[in-house]
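Please read all numbers here as calculations on a predicted model, not as lab measurements.
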Amino acid sequence: MTFDPFLQNHNPPSNATSPVSQNEMIECCAQEVTSVIVSEITRSKMYSIMADEARDGRSEQLAVCVRYVSEGDVKERFLALSELMSFDAQSIADKLQEQLQINGLAHVKCVAQTYDGAAVMSGPIRGVQARFRRLHPETIYIHCYAHELNLVLCHTCKAVTEALLENVYSFFTTSLVNHHKFKDAQSRLGLAAVELVQLSNTRWACRLQSINAVLQTLPAIFECLSVTGFPLAIGIKAKLSVFSTIYALLMFQTLLSITEGLHKLLQKETLDLAALICKDAVCDTLKGKRTDAFATEMFDYNPSGAKPPLSLNPSDAPDPR
């Protein structure tokens, strides 16, 4: 209500349903939806399970989803959210089995289980996947492919550009004065009004968005940093003026753009073996970038027409191979 203008001005009628009744209605709706999911899985006679931990305030919860085929269509459905009191493999495996029993799925064949790659989940002897397989011998464990790709790209970006991107974002968003100067500079230079994007520890897509925003507004960023005498601005400008920094931003913009489609595909509920074709195409495209021609293309490219004062020789650019 605090952040919603409509609710702030809304006066509920005196006969409005009480919070207790509202929660009962929501619970009834949830039971009806879950019963449909369970009946579809029962008719399908097999399913796979997906689970991940999520923090809600001060509590840790386990999100449980199922994937199955119903009437020829692949379906992914959210099944339950269960609070975790302990975070060891046995406790998590017990919670998974408990949710299957509560929803009447313990007797239906589970053929696959998918989690992240954390040791507590993926351990082949004492991990959740090993303990769950003792109860459901047919379940093949698969490290979520989208999560694998996410980890690789996050760690790669972190090694090169993360600190700089975070510093640029913080400088222009934590201060309203700096933010207004940044927007004014974009308008004066005829640039599209683009907001800088904050990084996330888990979503690699924000890194592509952040890099795109920086490159699109680079002239405005340099102008604002140049007229600001703060030591932080001077330091950011010095780092951003280095040839290898701009080169790395352009390199990652290209590479992340290539992998973006694959990452979105891996998250679709309609995902099937056709993803292997897309994966091979992405790998071939990335290999094709390991050439002198691509390095020259990156060197000649001038983002947004910016001409920052470069402090390093172009020979300091990283070799794409």
Checklist entry - To which residues is I234 joined in a hydrophobic cluster, defined by side-chain heavy-atom contacts under 4.5 Å among Ile, Leu, Val, Met, Phe, Trp and Tyr, whether direct or through other members? => result none
Checklist entry - Do side-chain atoms of S44 reach the backbone of S70 as a donor and acceptor pair under 3.5 angstrom? => result no
Checklist outcome for this item: Nearest heavy-atom contact between A51 and L96 is CB-CD2, 3.7 Å
Next on the checklist: Just so I know, are the side chains of L249 and L240 near enough to count as touching, which here means a heavy-atom distance under 4.5 Å?
Outcome noted: yes
Checklist entry - Is there side-chain contact between D52 and Y115, with heavy atoms separated by less than 4.5 Å? => result no
Checklist entry - Taking only residues at least two apart or on different chains, which pairs with a member in residues 116-140 satisfy ring-ring contact (aromatic ring centres under 6.0 Å, His included)? => result F132-H136
Next on the checklist: Test side-chain hydrogen bond (donor to acceptor under 3.5 Å, both in side chains) on Q129 and H143; report intermediate values, then the result.
Outcome noted: CA-CA 10 Å; Q129 63 110 344; H143 182 183; over 6 Å; no
Checklist outcome for this item: Sorted by chain and residue number, the salt bridge (Lys or Arg N to Asp or Glu O under 4.0 Å) partners of R133 (sequence neighbours excluded) come out as none
Checklist entry - What distance separates I221 CD1 from F182 CZ, expressed to the nearest 0.5 Å? => result 5.0 Å
Checklist entry - Which heavy atom of S91 sits nearest a heavy atom of D88, and at what distance? => result OG-OD1, 2.7 Å
Item to check | With sequence neighbours excluded, residues passing side chain to side chain contact (heavy atoms under 4.5 Å, CB included) with E60 | outcome: E53, R55, L84, F87
Next on the checklist: Measuring from atom CD1 of I41 to atom CD1 of I37, what distance do you get when rounded to the nearest 0.5 angstrom?
Outcome noted: 7.0 Å
Checklist entry - Okay, side chain of S170, backbone of N167: is any donor-acceptor separation there less than 3.5 Å? => result no
Next on the checklist: For a salt bridge (charged side-chain N to carboxylate O under 4.0 Å, His left out) check, start with the C-alpha distance between R43 and E71, then their side-chain angles and the critical distance, and finish with the verdict.
Outcome noted: CA-CA 9 Å; R43 289 195 299 269; E71 299 180 353; 5.1 Å; no
Next on the checklist: Let me check something: do Y169 and L232 share a hydrophobic cluster, defined by ILVMFWY side-chain heavy atoms less than 4.5 Å apart, either directly or through other members?
Outcome noted: yes
Checklist entry - Which residues pass the salt bridge (Lys or Arg N to Asp or Glu O under 4.0 Å) test with E24, sequence neighbours left out? => result none
Checklist entry - Under the 3.5 angstrom rule, does the side chain of T228 hit a backbone N or O of F230 as a donor-acceptor pair? => result no
Checklist entry - Do the side-chain N and O atoms of Q101 and H107 include a donor-acceptor pair separated by under 3.5 angstrom? => result no
Item to check | Stepwise side chain to side chain contact (heavy atoms under 4.5 Å, CB included) test for Q198 and E166 | outcome: CA-CA 7 Å; Q198 186 175 19; E166 193 63 41; 4.0 Å; yes
Next on the checklist: Is it the case that the side chain of R126 and the backbone of A89 share a donor-acceptor pair, with hydrogens and angles ignored and the cut-off at 3.5 Å?
Outcome noted: no
Checklist entry - Under a 4.5 Å cut-off applied to non-hydrogen side-chain atoms, are L79 and L105 in contact? => result yes
Checklist entry - Mind checking whether V177 and K181 have side chains closer than 4.5 Å, heavy atoms only? => result yes
Next on the checklist: Quick check against the 3.5 Å criterion: does S175 have a side-chain atom that pairs as donor or acceptor with the backbone of F171?
Outcome noted: no
Next on the checklist: Working note: L225 + F172, criterion side chain to side chain contact (heavy atoms under 4.5 Å, CB included); need CA distance, chi angles, decisive distance, verdict.
Outcome noted: CA-CA 10 Å; L225 294 175; F172 287 106; 4.1 Å; yes
Checklist entry - Rounded to the nearest 0.5 Å, how far apart are CG of D94 and CD of Q99? => result 12.0 Å
Next on the checklist: A side-chain contact here means heavy atoms from C-beta on lying under 4.5 Å apart; do T139 and V111 qualify?
Outcome noted: no
Item to check | Main-chain N/O of G117 paired with S122 side-chain donor or acceptor, under 3.5 Å | outcome: yes
Item to check | Verdict with supporting geometry, S226 and K237, side-chain hydrogen bond (donor to acceptor under 3.5 Å, both in side chains) | outcome: CA-CA 8 Å; S226 298; K237 180 185 176 183; 3.1 Å; yes
Checklist entry - Can you name the nearest heavy-atom pair linking K95 to S82, along with the distance? => result CD-OG, 3.3 Å
Next on the checklist: Do L218 and I246 have side chains that approach each other closer than 4.5 Å (heavy atoms only, starting at C-beta)?
Outcome noted: yes
Checklist entry - Taking all non-hydrogen atoms of both residues, which atom of L208 and which atom of Q253 are closest, and how far apart? => result CD1-O, 3.8 Å
Checklist entry - Does L100 reach the side chain of I49, with side-chain heavy atoms less than 4.5 Å apart? => result yes
Next on the checklist: Between I142 and L149, is there shared hydrophobic-cluster membership here, with clusters defined by ILVMFWY side-chain heavy atoms closer than 4.5 Å?
Outcome noted: yes
Next on the checklist: Within this structure, what is the OG-CD1 distance for the pair S241 and I236, rounded to the nearest 0.5 Å?
Outcome noted: 11.0 Å
Next on the checklist: For V197 and R207: C-alpha separation, side-chain torsions, deciding distance, then whether side chain to side chain contact (heavy atoms under 4.5 Å, CB included) applies.
Outcome noted: CA-CA 8 Å; V197 179; R207 284 164 171 75; over 6 Å; no
Next on the checklist: Which residues pass the side chain to side chain contact (heavy atoms under 4.5 Å, CB included) test with R188, not counting sequence neighbours?
Outcome noted: D184, A185, E223
Checklist outcome for this item: dist S35:OG -> N103:CG (nearest 0.5 Å) comes out at 10.0 Å
Next on the checklist: Taking F294 as the starting point, is it possible to reach I258 by hopping between hydrophobic residues whose side chains are less than 4.5 Å apart?
Outcome noted: yes
Checklist entry - Under 4.5 Å between side-chain heavy atoms, hopping through other hydrophobics if needed: is there a path connecting F222 to L165? => result yes
Item to check | Full working for side-chain hydrogen bond (donor to acceptor under 3.5 Å, both in side chains) between Y68 and E40 | outcome: CA-CA 8 Å; Y68 57 94; E40 289 180 343; 2.5 Å; yes
Checklist entry - Hey, mind stepping through Q216 and L191 against side chain to side chain contact (heavy atoms under 4.5 Å, CB included) and telling me if it holds? => result CA-CA 8 Å; Q216 291 173 23; L191 303 176; over 6 Å; no
Checklist entry - With hydrophobic residues grouped by side-chain heavy-atom distances under 4.5 Å, do V69 and M50 end up in a single group? => result no
Checklist entry - For I140, does the CD1 atom have more than 12 heavy-atom neighbours from other residues, nucleotides or ligands under 6.0 Å away? => result no
Checklist entry - Would you say the side chain of K289 lies within less than 4.5 Å of the side chain of T254, judging by non-hydrogen atoms? => result yes
Checklist entry - How far does NZ of K279 sit from CG of D284, to the nearest 0.5 angstrom? => result 9.5 Å
